[in-house]
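The structure appears below as structure tokens.
Ligands are counted one by one from 1 in listed order, and the atoms in each one are counted from 1 as well.
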Amino acid sequence: MTTQELIRTAFAAREKAYAPYSRFTVGAALEAKDGRVFTGCNIENASFGPTICAERTAVAKAVSEGHTDFVRIAIWGEGKDYCMPCGACRQMLYEFAPDLTLLVAGQDHSFVKLTLRELLPHGFGPKSLSQSE
Ligand code: THU
């Protein structure tokens, strides 16, 4: 998939967002190493806390289908500024893909390209749990 196709897929995914409280819709398109793309949207809840972001929805869909090798994620969100992934999403992505590339898209589908290591330097991941010696 080209960069613009991945961004368009994220943009389309936001149509399914369930965001009656914030009215801030977000879509994500997570690309696995084998080329398969998993989409996600934000899903809010009247109890606010259980709300899940678009990025984590995409990760949950991919992992539950046996995919844990990710190379890129495109994110499209409302608002005039680029919708940067929240801390919880950065952490969840880091678990599977510390070297992930992020394409964070704006309203006009222009985008900034970032790495997860830039957004979450010195992250805590599976290796952090390995015992010393
Ligand atoms: N949201 C996402 O889906 N992804 C982000 O990276 C930031 C925030 C959602 C959560 C909530 O439904 C709405 O945007 C407002 O915070």
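Cluster membership for V71 and M1, using ILVMFWY side-chain heavy atoms within less than 4.5 angstrom, is not shared.
Residues satisfying the salt bridge (Lys or Arg N to Asp or Glu O under 4.0 Å) criterion with E31, sequence neighbours excluded, are R72.
Cation-pi contact between R14 and F11: present, with separation from the ring centre below 6.0 Å and deviation from the ring axis of at most 45°.
Residues of the protein with a heavy atom under 4.0 Å from ligand 1 are S22, F24, V26, N42, E44, T51, C53, A54, E55, C83, M84, P85, C86, listed by chain and number.
With rounding to the nearest 0.5 Å, the separation of CZ in R56 from CG in L93 is 9.5 Å.
The aromatic rings of F48 and Y21 sit tilted, their planes meeting at an angle between 30° and 60°. Ring orientation note: the planes of H67 and F38 are tilted relative to one another, at an angle of 30° to 60°.
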